[in-house]
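Model, not experiment: these values are computed from the prediction.
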There are 2 protein chains.
Amino acid sequence: MALDRHLRIDSQEGISFVRNIHLDSMEEDVLYHLALSNKSHDLKEIFGDVKFVCFGGSPSRMEKFAHYMVDQLKFKLTPGQTLYNISKGSDRYVLYKMGPIISVSHGMGIPSLSILIHEILKLLQHAGCDPSEVVFFRLGTSGGLGLDAGTVVISEAAVDGILRSYMEIPTLGLIIQHPAKLDEALNKELLQISEEIGCKSELGKTMCTYDFYEGQARLDGAFCDYTEEDKLAFLKRAHERGVRNIEMESLCFAAMTHRAGVKSAVLCVTLLNRLNGDQINTPHDVMEEWQARPQRIVAAYIKKKLGMEYKS
Amino acid sequence: MALDRHLRIDSQEGISFVRNIHLDSMEEDVLYHLALSNKSHDLKEIFGDVKFVCFGGSPSRMEKFAHYMVDQLKFKLTPGQTLYNISKGSDRYVLYKMGPIISVSHGMGIPSLSILIHEILKLLQHAGCDPSEVVFFRLGTSGGLGLDAGTVVISEAAVDGILRSYMEIPTLGLIIQHPAKLDEALNKELLQISEEIGCKSELGKTMCTYDFYEGQARLDGAFCDYTEEDKLAFLKRAHERGVRNIEMESLCFAAMTHRAGVKSAVLCVTLLNRLNGDQINTPHDVMEEWQARPQRIVAAYIKKKLGMEYKS
C-alpha cells in the first residue's frame, strides 16, 4: 500500500495537476475559497481551454490585467457582455477568465497563495486541462537589491529568508521540504522577449520571507532591534549571493508548481532599492507604470505563443 | 549602545505600541498597506480615541461587523454620512472606524496579518493612544476538533502545526522565537459574557498553520500522500493535547500583541468538525449566523466596557 501510494504520487507528472488519491472518490469537490465546485459548476465548460494562469497579489491589479489582456489579444467580448469576477461568491480572491487566460489575485504571503494554488490545480484537473500545456505566472511587486526601482526581476531561483531553496510544510508532524525550482528555458525566453519589447528585466535570485518588516531587514516596522549597519550588512551579503529582490510568495509559487509538474515563472517589478531605504513613497502614477511592466512581458509571451505579433 | 538599545526595547511596555528606535527620526511614516501616513493624515484626530481593534480575515465580514457595531452601540451617524473604508486607497485590507472601535480585515495567513499588525501598532502610536487601554480581538473562522460546528473557541493558547507555542521570524539571519501568549483574565471575562448572552463558547488551544490543506491534515487538497487513518491519528493526538480548533493567524496575533504589550483575545467559530470531514458545504445562511457569533460576544464585551446594557 505504501509503495503503491508512492508510485501513484510520482507517476502523475505531466498527466495530472494533482497528487491525491482521495480526490477521485469525493462525491463533490468544493473549491471553497474560490466559491466554485465541480458539482455546482461545469468546470470543463468554463475552464477547459485554459493555457495561461496569471497570479498577482492585488485584486485591483489582476482585474486591470484581465481587461488589459482583452485589449492586447484583441479579444472580442460578446455584445452586451463584460468580464466579471467568477469567484465573486467569495471575497478571498478575484478570478477573471478571458479566452485561454485566467487572471487571479492571491493576497499577501505564502499561506494565502498556497490555498489558492491548491484550489487552482484542482480546478484545472476538474476542467480536464493538460498539465504539459499550461503555464503559471506570478506577476508581482518586490523590494530590489542594487537595482534601479522599476526593474523587473525574473526569478532564476526562490530562496527563503535564510537562503534555503525549499518551502517547508509541517505535514502530520513531519516537516517536509519541497524544492522551489523554476524553469530555466521559460526564463530565458521571457528575458529575450523583455529585451525585444524594450522592458528592462534581469535574472536573479528572489528572497521570499514570511514577514515584510523584520523578515526583510526593514527599519520601519513596529519592532526593530537592529541598526542600519546590521541591516545593510545583511542585505549586502544576500546581494553578494545573487539575491536581486525580496517578496513574500515566490518560494511557495516555485515549490508548488514544481511539485505539480507545471511550468512556471515569477516576474516581479522592484518598487525601491532596499540598499537605499525602506519606505515606498513613489508617486502613484509612476508606481502604476512600474507595476504594468511584468504584465507587458507576460502579455508579449502569451501573444507569441498564440502566434500573434508581440513586439509592438 | 547594545545595552541602551536593549533597555529601550524592554522599557516601553505599557507606554508605547512600538519597539523601534528608528521611528522617531523618520520624517514621514507611510503605512503603505493601509494607504495612510502620519504626514498626509491627522492620525491623532482620526484615531486618537481608539480603544478596541477588531481583526477578521474577510473584508466583507469586517464591513458587516462595522455596521453591526454602529447598530449595537446605538451610535448616531452624522446626517447624510455613512461609514467608509478608510484604507480604500489600498486594496490589501479594509478598515472602518466607528467611535472607539476599529474593524479591519487581515486577509489569510500569518504574513498578511503580520504586515497589518505592524502598521496598526504604528498607527495607534502616531495617534497617541494609550497601550494599556487598548484591546485587540481576532474574530475568525476555523476548523474544530471534537466540537459541534458553530461552537466559538476562545484561544487559551496558540501553537503552530507541531504544537510549538511561539512564532519564528528569521531576522537578519537569526531565527527569533516570539512567545504566543494570550490574556487569561480577558479570556475568563469573555467566556462569562458568552454564557450570559447564550452564545456557546469554549476555551481551548488553537493550532495555527501556514498551510490550509496538508498543514491541517486535510484529504482534499491538490496534494496528499497520507491516508485517512494517518489524518485522524494526527488530529486525535492534537485533540488529546488540548487543541480545539485549527486556523491560520492566531500564533502571529498572540505573539505580536504580547510583544507589543497589548491585551488581546482570539475568538473563532468552528465551521466543521475536522474529526468528521474536511469539506465545508454548510448552507450559506447557517454559516452567516455562525460567523456572527464571535462578533456577538465581542460586541457584548465592548458594550459592557462602555457601561451599556449588554446581556440583551
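Atom OH of B:Y226 is separated from atom CG of A:N20 by 8.0 Å, given to the nearest 0.5 angstrom. Distance check: A:I176 CD1 to B:D211 CG gives 11.5 Å after rounding to the nearest 0.5 Å. A distance of 6.0 Å separates CE in A:M248 from OG in B:S114, rounded to the nearest 0.5 Å. Once rounded to the nearest 0.5 Å, the distance linking CD1 of A:I169 with OG1 of B:T209 reads 10.0 Å. Atom-to-atom distance recorded for B:L23:CG and A:F223:CZ is 11.0 Å, nearest 0.5 angstrom. Considering CZ of B:R218 and NE2 of A:H118, their distance stands at 10.5 Å, rounded to 0.5 Å.
With a 4.5 angstrom heavy-atom cutoff, A:I175 touches chain B only via side-chain atoms. Interface residue B:L172: backbone and side-chain heavy atoms are both found under 4.5 Å from chain A. For B:Y32, the part sitting under 4.5 Å from any heavy atom of chain A is the side chain, from C-beta outward, and nothing else. Contacts between B:H284 and chain A at a heavy-atom distance below 4.5 Å are absent for every atom of the residue. Contacts of A:E214 with chain B are made by both backbone and side-chain atoms, with heavy-atom separations under 4.5 Å. When heavy atoms are compared at a cutoff of 4.5 Å, B:L124 does not approach chain A at all. The contact between A:I162 and chain B is made entirely by side chain atoms (from C-beta outward), counting heavy-atom distances below 4.5 Å. Proximity to chain B is limited to the side chain of A:L271, based on heavy atoms less than 4.5 angstrom apart. Interface remark: B:R237 contributes no atoms to any contact with chain A (heavy atom separation under 4.5 Å). For B:I120, no part sits under 4.5 Å from any heavy atom of chain A, backbone or side chain. With a 4.5 Å cut-off on non-hydrogen atoms, B:I280 touches chain A through its backbone and its side chain both.
Between chain B and the residues A:G107, A:S37, A:G215, the largest count of heavy-atom pairs under 4.5 Å involves A:G215. For the set A:G161, A:P59, A:A217, the entry with the most heavy-atom pairs within less than 4.5 Å of chain B is A:P59. Most heavy-atom pairs under 4.5 Å with chain A: of the set B:Q125, B:H33, B:M26, B:E168, this distinction falls to B:H33. Ranking A:A238, A:P170, A:A233, A:G109 against chain B, the residue ahead of the rest is A:P170, based on heavy-atom pairs under 4.5 Å.
In this structure, A:D220 contributes its side chain and B:D29 its backbone to no donor-acceptor pair below 3.5 Å. Checked by atom type and distance alone, the side chain of B:H22 never pairs as donor or acceptor with a backbone atom of A:G221 at under 3.5 Å.
Heavy atoms from other residues, nucleotides or ligands lying under 6.0 Å from CZ of B:R164 number more than 12. Environment of CD in B:E288: crowded, with over 12 heavy atoms of neighbouring residues, nucleotides or ligands closer than 6.0 Å. Few gaps surround CD on A:E28; more than 12 heavy atoms of other groups in view lie less than 6.0 Å from it.
For B:D91 against A:S60, the heavy-atom pair with the smallest separation is OD2-OG, 2.6 Å.
Residues forming a ring pair (Phe, Tyr, Trp, His ring centres under 6.0 Å) with B:F234 (at least two apart in sequence, or on another chain): none.
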